[in-house]
2 protein chains.
Amino acid sequence: MSYSIGQVAEKTGLSTYTLRYYEKEGLLPFVQKNASGLRVYNEDDINWLSMIECLKATGMPIKEIRQYIELYKEGDSSLSKRLELFRKRKETVAQEIEKLQKILGKVEFKIRLYEKAVEAGSLEAVSQTEEIQQLRDELFGDPNYFPEAEGKKSV
Amino acid sequence: MSYSIGQVAEKTGLSTYTLRYYEKEGLLPFVQKNASGLRVYNEDDINWLSMIECLKATGMPIKEIRQYIELYKEGDSSLSKRLELFRKRKETVAQEIEKLQKILGKVEFKIRLYEKAVEAGSLEAVSQTEEIQQLRDELFGDPNYFPEAEGKKSV
DNA sequence: CCTTGATTTAGAGTAAGCTCCAATGTACAT
DNA sequence: ATGTACATTGGAGCTTACTCTAAATCAAGG
């Protein structure tokens with residue numbers, strides 16, 4: 001099965017601009033062209049796009065994705081480099097998840113604070129309560145992320 | 001306690017350029033200046049920066065952070081809007097965490113695949129094995145995210 | 001007073017990742 | 001064969017979030 005650039009755009013949710021841009025950046029070195037110069041994508045190209053989306057989702061910039069593709073083109077001699085690359089990606093993603101979980105905790109604190117504030121009709125009144133102060137201490141007693149955060153003013 | 005822009009940069013890890021940029025963009029509307037026009041930051045400003053970093057970490061763009069700050073300036077009349085804003089942030093972050101967990105699964109699959117490939121000295125040999133095909137099915141049987149992904153070619 | 005280093009401003013420059021345009025060519029149904 | 005939709009290229013333009021520059025001013029020590 002083969003696809004035009006428009007069909008691939010449809011299938012992947014990427015724009016035709018983006019597909020051409022990726023090619024220009026060396027992310028899709030295997031896309032064929034027919035006699036008239038039109039791009040003809042096959043299943044492998046779609047798989048590559050899926051891989052690219054995956055790497056992008058790990059936070060990898062386009063230049064580094066190209067490097068992966070260049071490693072792939074080197075063949076089996078680059079297997080251990082590719083393994084190493086995926087291990088680094090795993091680390092990056094794991095760290096990002098951890099960071100987001102901490103952020104989620106802070107946002108949930110804000111939600112509780114604002115729920116009480118809406119109830120009371122005032123933020124100042126609520127942010128000094130025993131309950132909120134205690135929550136604040138639990139969350140921000142950890143000095144790792146902006147220790148001065150979330151002071152008395154409840155910004 | 002008060003701080004110069006350089007001290008705040010040191011404290012927060014942001015550059016002095018960034019601090020001035022944030023002010024220009026309306027993210028720090030409370031920073032004072034002394035008689036000579038030099039910025040003088042206080043604890044509240046540091047707290048605001050911490051809040052800004054938190055919102056940024058949720059993926060919120062700077063223009064929307066400014067909108068939050070404008071809501072804050074409106075006082076208690078905007079409490080429920082601010083609550084709503086934090087609820088949306090929570091959704092965004094929760095979804096991002098979910099997405100990253102799926103990505104983590106894919107990356108871990110790649111790691112296993114490449115571990116085997118390095119062992120065998122060949123990617124093609126390994127990607128057709130019973131074990132890998134089974135793992136692939138488990139991970140990518142779900143048609144939500146690029147159903148064509150990870151075909152026979154193991155890109 | 002003088003020097004050194006930090007700070008001020010307006011505005012220009014940068015990097016990433018697209019996004020679009022103009023002019024031209026291709027595919028195909030009527 | 002002609003209209004319509006879709007494709008090609010090079011290159012310009014856009015957005016976000018900084019990042020830096022230049023020229024002037026300020027702060028503090030000797």
Side-chain angles (χ1 to χ4, degrees), chain A residues 1-42 45-46 48-69 89 92 96 99, chain B residues 1-42 45-46 48-69 89 92 96 99:
Chain A
M1 193 58 187
S2 72
Y3 311 90
S4 71
I5 192 168
Q7 289 171 323
V8 175
E10 180 87 2
K11 241 175 137 65
T12 61
L14 300 167
S15 73
T16 59
Y17 302 132
T18 303
L19 289 169
R20 290 193 201 94
Y21 167 69
Y22 282 179
E23 215 175 316
K24 219 186 298 185
E25 293 300 313
L27 302 195
L28 294 167
F30 309 117
V31 174
Q32 299 296 308
K33 297 201 181 173
N34 68 17
S36 327
L38 300 195
R39 286 170 181 82
V40 181
Y41 295 77
N42 62 28
D45 298 317
I46 307 276
W48 270 110
L49 280 167
S50 169
M51 188 70 243
I52 287 164
E53 285 305 289
C54 177
L55 291 175
K56 258 168 49 81
T58 72
M60 200 172 189
I62 277 170
K63 281 184 186 175
E64 283 177 42
I65 298 177
R66 182 178 50 214
Q67 286 170 23
Y68 168 68
I69 284 156
R89 282 297 108 195
T92 304
E96 182 65 14
K99 179 186 160 193
Chain B
M1 193 58 187
S2 72
Y3 311 91
S4 72
I5 192 167
Q7 289 170 321
V8 175
E10 179 87 3
K11 239 175 138 68
T12 62
L14 301 166
S15 73
T16 59
Y17 303 132
T18 302
L19 289 169
R20 290 193 201 95
Y21 167 70
Y22 282 179
E23 214 174 318
K24 219 188 296 187
E25 294 301 313
L27 303 193
L28 295 167
F30 310 117
V31 174
Q32 298 296 308
K33 298 202 181 171
N34 69 16
S36 331
L38 298 197
R39 287 171 181 80
V40 181
Y41 295 77
N42 62 29
D45 297 316
I46 307 277
W48 270 109
L49 280 168
S50 170
M51 188 70 242
I52 288 165
E53 284 306 289
C54 176
L55 290 175
K56 257 166 52 78
T58 71
M60 201 172 188
I62 277 171
K63 280 184 185 175
E64 284 177 41
I65 298 177
R66 181 177 52 212
Q67 286 169 22
Y68 169 68
I69 284 156
R89 282 298 109 196
T92 304
E96 182 66 13
K99 179 185 160 193

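Proteins come first, then strands; the chains are lettered A, B, ... in the order of their sequence lines, and each starts at number 1.
Taking atom CZ on B/R66 and atom P on D/dA17, their separation rounds to 11 Å, with Å as the unit. Rounded to a whole Å, the NZ atom of A/K63 is 14 Å from the P atom of C/dT14. Atom-to-atom, CG of B/L49 to C1' of D/dA17 comes out at 15 Å; the value is rounded to the nearest Å. The distance from atom CD of A/E53 to atom C1' of C/dC18 is 13 Å, rounded to the nearest whole Å. Atom-to-atom, CG of B/L19 to P of D/dA17 comes out at 16 Å; the value is rounded to the nearest Å. The distance from atom CG of B/L55 to atom P of D/dA17 is 13 Å, rounded to the nearest whole Å. Protein atom CD of B/E10 is 17 Å distant from nucleotide atom P of C/dG5, rounded to whole Å. If you take OH of A/Y3 and P of D/dC6, they are 18 Å apart, rounded to a whole angstrom.
B/D45 CG to B/T12 OG1: the interatomic distance, rounded to the nearest 0.5 Å, is 11.5 Å. A distance of 11.0 Å separates CG in B/L27 from OG1 in B/T18, rounded to the nearest 0.5 Å.
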Report all interatomic pairs (protein N or O, nucleotide N or O of nucleotides 6-9 of chain C) with separations under 3.5 Å.
from: C/dT7; atom 1: OP1; to: B/S4; atom 2: OG; distance (Å): 2.9
from: C/dT7; atom 1: OP1; to: B/G6; atom 2: N; distance (Å): 3.0
from: C/dT8; atom 1: OP1; to: B/R39; atom 2: N; distance (Å): 2.7
from: C/dT8; atom 1: OP1; to: B/R39; atom 2: NH1; distance (Å): 3.1
from: C/dT8; atom 1: OP2; to: B/R20; atom 2: NE; distance (Å): 3.0
from: C/dT8; atom 1: OP2; to: B/R20; atom 2: NH2; distance (Å): 3.2
from: C/dT8; atom 1: OP2; to: B/R39; atom 2: NH1; distance (Å): 3.2
from: C/dT8; atom 1: O5'; to: B/R39; atom 2: NH1; distance (Å): 3.3
from: C/dT9; atom 1: OP1; to: B/K33; atom 2: NZ; distance (Å): 2.4
from: C/dT9; atom 1: OP2; to: B/R39; atom 2: NH1; distance (Å): 2.9
from: C/dT9; atom 1: OP2; to: B/R39; atom 2: NH2; distance (Å): 2.7

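Taking all atoms of both residues into account, the shortest heavy-atom contact from A/T16 to A/G6 is CG2-CA, 4.1 Å. Looking at every heavy atom in both residues, A/A9 comes nearest to A/S15 through CB-C, 4.2 Å.
With sequence neighbours left out, the ring-ring contact (aromatic ring centres under 6.0 Å, His included) criterion links B/F30 to B/W48. Evaluation of the side-chain contact (heavy atoms from CB on, under 4.5 Å) rule for B/K33 yields B/E23, B/R39 as partners, not counting sequence neighbours. Every side-chain contact (heavy atoms from CB on, under 4.5 Å) that B/E64 has, sequence neighbours left out, goes to B/M60, B/P61, B/Q67, B/R89.
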Contact state string [nucleotides 18-24 of chain D, B base, S sugar-phosphate only, - no protein heavy atom under 4.0 Å]:
BBBB---
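Residue pairs meeting the ring-ring contact (aromatic ring centres under 6.0 Å, His included) criterion with at least one partner in residues 1-26 of chain A, sequence neighbours excluded, are absent.
Applying the 6.0 Å contact sphere to CD of B/E10 captures no more than 12 heavy atoms from other residues, nucleotides or ligands.
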